[in-house]
Amino acid sequence: QTKITLAVGGGACLCYLPTMLAKQLGEYEKAGLNVEVVDFKGGSDALKAVMGGSADVVSGYFDHCVNLAAKGQALQSFVVYDRYPGFALVVSPKQTGAIKTIKDLKDKKVGVSAPGSSTDFFLKYMLSKAGVDPNSVGVVGVGLGATAVAAMEQGSVDAAIMLDPAVTQLQGRNKDLRILSDTRTQKDTMSVFGGEYPGGALYTRADWIASHEKEVQAMTNAIVNTLKWIHAHTPEEIAAKMPDEYVGKDRALYVQALKNTLPMYSETGRMDPKGAQAVLDVFSQSSPEIKNAKIDLSKTYTNKYVDQVNKRADLKQ
Amino acid sequence: MNRSTLLALQILVAVIGLALWHVLTTYPIFGRLLLPPFFFSNPVEVAQQVVKWFSTGVIWKHLWVTLVESVLAFVIGSIGGVFVGFWFARQPRTAAVFDPYVKMINALPRVVLAPIFTLWLGLGIWSKVALGVTLVFFIVFFNVYQGIKEVSPTVLANARMLGMNERQLMRHVYWPSALSWMFSSLHTSVGFAVVGAVVGEYLGAPAGLGYLIQQAEGVFDVAGVFAGMFVLAAFVIVIDTLVTVVERRLLIWRPLASESRP
Amino acid sequence: MNRSTLLALQILVAVIGLALWHVLTTYPIFGRLLLPPFFFSNPVEVAQQVVKWFSTGVIWKHLWVTLVESVLAFVIGSIGGVFVGFWFARQPRTAAVFDPYVKMINALPRVVLAPIFTLWLGLGIWSKVALGVTLVFFIVFFNVYQGIKEVSPTVLANARMLGMNERQLMRHVYWPSALSWMFSSLHTSVGFAVVGAVVGEYLGAPAGLGYLIQQAEGVFDVAGVFAGMFVLAAFVIVIDTLVTVVERRLLIWRPLASESRP
Amino acid sequence: MAPEAGNKAQAISLKGVDVVFRLADGGRYRAVEKATLDVADSEFVAIVGPTGCGKSTLLNIAAGLIQPAAGSASIYGAPLSDLNLQAGYLFQADALFPWKTALDNVAIGLEIAGMAPAQAKAKSREWLTRVGLGAFADRYPHMLSGGQRKRVGLAQVLIRDPKILLMDEPFGPLDAQTRQIMGNLLLDLWSADRKAVLFVTHDLEEAIALSDRVVIMSAGPAARIIGDWKVPLARPRDIAEIKLDRSFVELHHEIWSKLKDEVMKGYAQTGGG
Amino acid sequence: MAPEAGNKAQAISLKGVDVVFRLADGGRYRAVEKATLDVADSEFVAIVGPTGCGKSTLLNIAAGLIQPAAGSASIYGAPLSDLNLQAGYLFQADALFPWKTALDNVAIGLEIAGMAPAQAKAKSREWLTRVGLGAFADRYPHMLSGGQRKRVGLAQVLIRDPKILLMDEPFGPLDAQTRQIMGNLLLDLWSADRKAVLFVTHDLEEAIALSDRVVIMSAGPAARIIGDWKVPLARPRDIAEIKLDRSFVELHHEIWSKLKDEVMKGYAQTGGG
Ligand SMILES: Nc1ncnc2c1ncn2[C@@H]1O[C@H](COP(=O)(O)OP(=O)(O)OP(=O)(O)O)[C@@H](O)[C@H]1O
Ligand SMILES: Nc1ncnc2c1ncn2[C@@H]1O[C@H](COP(=O)(O)OP(=O)(O)OP(=O)(O)O)[C@@H](O)[C@H]1O
Ligand SMILES: [Mg+2]
Ligand SMILES: [Mg+2]
C-alpha cells in the first residue's frame, strides 16, 4: 500500500464530501492506497502544504490550478467531483425586504469566505454579470462557518456568499431566507456560467502526477467509484456512512443539506472543458494578472485517468 | 482560608458560572435569549459531549497529541526564551543591535506563518510546536531579560568581588534572581503554549484537540467546540499546577507574604 | 556604544538579513532553493509592493484601522490587566478562588472565539479589539500580579507604619514598585496587541492590514503577505518606542546599570 | 481609638510575650520568651542586648507588625490586634521608597495625612535641613550614603510627630559627632511633647545618655528581659557632657558587666567557638 | 596578574583620585577630591570621617567597582582598570544572596574557586561557628537579624582569605562585646598572614585599637583626606585592654578634636541647621 497525504481545505464543507466518503467506504484501500486526510482551515493552506511537499494531493477547488498557472506553477487536476461550484449568494435575514436582486447589492457590504478567495472572485463575477460595479460593493471576509452565520444574523453584512452546510443551517433558522443565486443547482449554474462549472477536484503538481501515475489512477478510481455510489444512494444512507464528527449533532439538518447538495456531485468525475474556460473567465474578470497571463487551460486538468476508469468499466460490462 | 473552604468556594464559583450559562442559554430575559444556544450551546450538552468523548475513548488520542505539542512548545519556548534572555541581558551591545528585530518578529501574526512552518516542518506535530514556541518564547524572553536587569546591584557587586566569572554569575546570581520573573512568565505561557498548539491544529492537522474543535465548528456543533475548550482548559490547569509546584520548590528562600518581617 | 554606531550596526544587520533572504530565494544552494520564492517571495518584490502601497495610498486606510484596533487593544488590555492584577494581588482570597478560572480562560484559543466576538461586537473594529485585549490582558495581568507580590517587605511595612491606607499603598508603593514588571509585560504585549488585531481582521473584516494580508494570501501573492508583515512590524517598533520613552520617564529613579553603586 | 494619653495606661505594654518563627524546614525558633515590658507615657526606654537576641522583634511586636505566639501587647490600654498607627517606626534596615527623592520620602507621611503637598514639601525641606541633608533634597535613595539614608528615614518618622516612637538603631551608621547632634535633636523633640520612646541601640553610653530606663535582654534563643535600670540623671541633659557624670559612669559599669556575661553566654549558645 | 606581594609596591595606592557622580537632573556631584592614600602590604589602615564624606566611595574605587574621574588607583603596583580580584570586600549594605542559606552564602566563595562542595561546606560551617552563628547555618538571610547578617557577610569574605581586605563598617550593627570578639578575630587573621586591610568605621576607639594608621576625611562635597596618624601601639593588642593605654588616650583625643571640627563643618556645608 502506498501512503498518500491528502490535504483538504475545510473538510466539513459538503462540497468536499466525496473525498471523505471514499475513505469511509474503503475505496482508497480497495485501490491499494493508504490515504491520510489532513484538514486545513482553507483551500489555500491545503494547497501550500502540497506546494511545500508536506502533502501529496489537494482536495479543493479547481480554480486554484488556474490561479497558480498565472504564476507559472504547474498544477493539474485529475478528477473533478463537483460539477457545480455550490456557492449561494444569500441575503442577510435583516435585509430580506430590502434586497431582492443582485442589482440591489450596489453600495452594500457583502461577505465572502476571505478576501481574495474563490468566493470573492465568484461574487465579483456575479456582480459584473448583473451590471453592478464590483468596486461599489464592500467585501468583508466572514469565513464559512459560525462566523458567517453570526455576521448574517447580526446584519453586519447585507449578504454573503455561503456554502453548505452553512446555507442550510441559516435556512433552518430563517424560514424566508432569500437566496439570490444558488449554484448548488443546475439551473442557476447554467444561467450564471452557461455550462457546468468545476468546483471540488483532486489536483496536485503536474510533475507529481507524471511520476506517480499508478497512485493517481488509483485515487481516480476511488473517487469515481464513490461518485457512483453517491448517486445510487439516498442522503440518509450517505449520512449514515459519514463519521460523527462530520455530521455533527443535528443529523436531520445534515441530511437536509446533503439533499440540497447532492445534484452538485459529478457523476463521471470528468472535467468539462467549457467549465475550465468558465473558471478562467470568472477570474479574468477581476484579476488583471490572470487576464494578462497566457494560460494554457488544457494543462491545468487531465481527463486521462477518469477516462481510463470509465473505459475499464465499459470493458467489464 | 484553609484548603477545603477554598475548594468549596472554587466549586461554588463554577456552579454559579454554569448555572448562569444554563439560564441565559435556556430562558429568555426581556424577551430574548442573552446567549443564543446556537453560539453558546448549553452546559448540559457540553457535558454530554465531554462524557461521550471520554466514555468512547476518542478523546485520548487527540488529547495526547495536543499534550505532546503543548509540552514541547512550552519547554522549547521557555528554554529558548531563558537562554536568549540571558544572552541579551549579558551582552547589552548585541541586545541593543537586535532589539528592534526581536520586537518586529514578536509582532508577526503567527497564523500567517503557519504555511511556512508546514513547509519546513511538515504536517506532523512539529509545525504546531513551532507555532506554540513563537508565542511562548517571546513572553518568557522579555521577562527573563528584564528579570536579569533587575538583579540587586549590591548583591551583584558582592558576587563579582567574590570572584565569580560570567558562568558562575549566571548560575548563582542572575538565575535565582530572575526566577520569580521567569515563573511569572511561565504561568502566562502555559496557556499560550496550548493556544499555539491548538491554533496550529485548527489551521491544519490530522489530529488533536484543535482538530476536534475545528470539526465541530465546521458542522455547527457548538457543544463540541465548547467541550473541546473545556477539556483544553482543564488540561492547562494540570500543567500549570506542575509549574506551581516547581516554583514553590525553587523559591523556597523567599519570605512568605504572611510572615514577611520588615 | 554611541547612537550612530548603534544605528549603523542595526542597519548592517538589516542589510545582511535582506541580502541573505535575497540570495537564498534566488540562487540555488546544493541544487535547491533554500527559501522557495513561492513561500518567501524576495526582498525586491516585497519592497516594490510596499512602495506601491504607499505611493498609491491604499495602505493608509488599512494602516489606520489596524492602528486604532491595536492601540485600543493595547490600552484596554493593559489597563484591565493592571487593575485586575492589582485587585488580585490585594485580595489574596479572591485571587485564590478565581485563580484556576483565570488560567483556564487564558488557555482558550482566541481564534475559536471569533464567532462569539463577531456575534457580540459585529465585524467592525471592536471584535478585533476584543481579540487583542484577550491576549494583552493576560500578559499584563500575570506580570502585574507578580510584581505587586514582589514589593520589598521592609518598604511595605514602612509605608503601612506611615499610615497609608489601601489606596495610598497602591499609589505610593505597589504601583511604582510594580512598574518595571508592568513595562516588561508591555513590551511583550505591544506585539501581541497587533497580532490580535491582525488575526481578528484575518478572520473577518472589511479593512485593515490583516485584510490586506489575507487578500494577498488568497491570490497567492506572497510578496503582498510579506509586505503586509513588514509594514506591521515597522509599525510595532513605533509603538514600542513610545512605550520605552514613557518607561524611561517613569523609572528615572532607578540606578542605571552602568552607574549602579554597590 | 485608644484612650487618650491622659489616663494612667502605659503607652506600650507587653505582657508575657513569646515570639516563635517558623523555619523553612518546618522547625520552629522561639526567639523571645515571656517578655514583659511597659513603657509609660512620655517615657524614654532604651533596649540593649547582644546581637540577634530579639530587640527588633520586640519593636515589631509593639508596632503590630508581627503577632506574639503567646502573651499580649497593648497600646494605651487597648489591646493591639492590628498595626499600631499611633507609632512611628524607624526600621533597622533600609526602608525608604527608592522611587521618591529624599524630599518626597520625608513629605509623604504628611501628604498621606492630608496636608497640602506644597506645605508638606516646605516642612519636609525644613526637616532635611535639621538632619543635615538640606542639600540632598532631590537625591533618590540610591544616590545617598548609608548614613544619609538613615537620616532621611529619621526625618521621615519624626516629621509625622507620632505619639510613640520605635527606633531601631537609628544612629548606627552615623559618626560619633553626628550621633550626638541627632541625639540632641531627638531629646529636644521628646521633651517638647513628651512622647513614649522605645529605642534600640548597641551603644550603652548612648542608651544611658538618652533614656529614662535601660532594659537589657538576654541572648537568644528564648531571649528574656533580664535587667531594667532607672537612669538617675537629671534632665535636660547634654549628651556630650553627661558622660563625665559620676552616676553615669557607675550605671554604665553596672550594666556593662551584666551585659558582657550575657553576650559571652549567647555566643556559646548560638554556636560560637 | 599583579606583581607578587613580595616587592616594594603598595598594596593599595590611590593617587589624586577625584570621584564625580552624575545626578538625575543632569548635574554632577564631586564627592571626593584629590584623595591620595597608600596602604602598604600587611598594613592595617582605618578610615574615619563624617557621615556621607566618601568613605564607601573610596573603598569602591579600591575595589575597582567605580572608576575615578581623575587620578589613578593601583594594586600592588599594577594600575587597576577592572575589578580588584585580590580583594575581599565587606559591603556596608546587605549583600548576602537571599536565595542561599547562611552556610551556602559562606561556602560560595570557596566553591567558586573550585573547592569540592563538601569540603567547602565543612570549612564554612567552621567559619559560621567562629562568627557565633553555628546554629544558624540553615537560615536564609531574611530569617536573620541585622547583626547576624553582617556576621555571615564577614565570614563570607574572610573564608576566602584574600590578600587585601576592604571592610565598610563591618561591626556597625553589633553590640560592643561581639564587636570586640570580631575585632580580635580579624586581628588574629591579619597577624597570621599579614594582609593589607582598609577599614571604615565610625568608632574612633575601634579604629585606633585595630589599626596601624588612622586616616580621616573631611566632610563632603569634595571631601579630602585631611589627616593621617600612625598608631604607636605595640602588637599584639587586646582590644578590650588597650583602651586604657596612655598613648591610646592621647591619640584618641588628638584625632577626636580634629574630627569634631570637621563634622561640624560638614554639617553646615551640606545644609544642616
Ligand atoms: N523570619 C524569621 N525566621 C526565623 N528566625 C527569625 C526571623 N526573624 C528573626 N529571627 C531570629 O530571631 C532572633 C531575633 O531577631 P532580631 O532581629 O529581633 O534580633 P535583634 O536583637 O534585632 O538583633 P540585631 O541586633 O542583630 O539587629 C534572631 O536570632 C533571628 O535569627
Ligand atoms: N550614585 C550616587 N550619585 C550621587 N551621589 C552619590 C552617589 N553615591 C554616593 N553619592 C554621594 O557621595 C558622597 C559620599 O558617599 P559615601 O557613600 O562614600 O559616603 P560614606 O562616607 O560612606 O558615608 P556613610 O558613613 O554615611 O556611609 C555622599 O554625599 C553621597 O551622597
Ligand atoms: Mg535588630
Ligand atoms: Mg558608607
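Proteins come first, then strands; the chains are lettered A, B, ... in the order of their sequence lines, and each starts at number 1.
- Within 6.0 Å of CZ in C/R248 there are 12 or fewer heavy atoms belonging to other residues, nucleotides or ligands.
- For a residue to count as touching a neighbouring chain, one of its non-hydrogen atoms must lie under 4.5 Å from one of that chain's; by this rule B/F183 does not touch chain C.
- Both the backbone and the side chain of B/L108 come within contact range of chain C, each with at least one heavy atom under 4.5 Å from a heavy atom of that chain.
- For chain B, no part of C/L12 is nearby; none of its heavy atoms comes within less than 4.5 Å.
- At a 4.5 Å heavy-atom cutoff, the contact between C/F40 and chain B is made by side-chain atoms alone.
- Neither the backbone nor the side chain of B/A193 comes within contact range of chain C; no heavy atom of the residue lies under 4.5 Å from a heavy atom of that chain.
- When side chains are defined from C-beta on, C/V97 counts as touching B/L6, because their heavy atoms get closer than 4.5 Å.
- Among B/V13, B/V199, B/L232, the residue making the largest number of heavy-atom pairs under 4.5 Å with chain C is B/V13.
- Interface remark: C/A197 contributes no atoms to any contact with chain B (heavy atom separation under 4.5 Å).
- One finds the CG atom of C/N143 at 4.0 Å from the CG atom of B/N143 (value rounded to the nearest 0.5 Å).
- With a threshold of 4.5 angstrom between heavy atoms, C/W120 approaches chain B through side-chain atoms but not through N, CA, C or O.
- Among C/D240, C/V190, C/T241, the residue with the largest count of heavy-atom pairs under 4.5 Å with chain B is C/D240.
- Here the NZ-OG1 distance, from B/K103 to C/T188, works out to 9.5 Å after rounding to the nearest 0.5 Å.
- Note that the CZ atom of B/F98 and the CG atom of C/L9 stand 9.0 Å from one another [nearest 0.5 Å].
- For the 3.5 Å distance criterion, the side chains of B/Q146 and C/S180 fail to qualify, holding no donor opposite an acceptor.
- The CG atom of C/D99 lies 8.0 Å from the NE2 atom of B/H187; values are rounded to the nearest 0.5 Å.
- Although no hydrogens or angles enter the test, the distance criterion places a donor-acceptor pair under 3.5 Å between the side chain of C/Y101 and the main chain of B/Q10.
- Here the CZ-CZ distance, from B/F192 to C/F138, works out to 8.0 Å after rounding to the nearest 0.5 Å.
- Within the 4.5 Å cutoff, side-chain heavy atoms of C/M229 are placed close to those of B/L113.
- Options C/S70, C/G191, C/G147, C/A234 differ in how many heavy-atom pairs under 4.5 Å they form with chain B, and the most are formed by C/G191.
- Between B/F142 and C/I139 the shortest side-chain heavy-atom distance does not fall below 4.5 Å.
- If you measure heavy-atom distances from C/E150 to chain B, the contacts under 4.5 Å come from the side chain alone.
- C/M104 has its side chain out of reach of B/V236: every pair of non-hydrogen atoms, C-beta onward, lies at least 4.5 Å apart.
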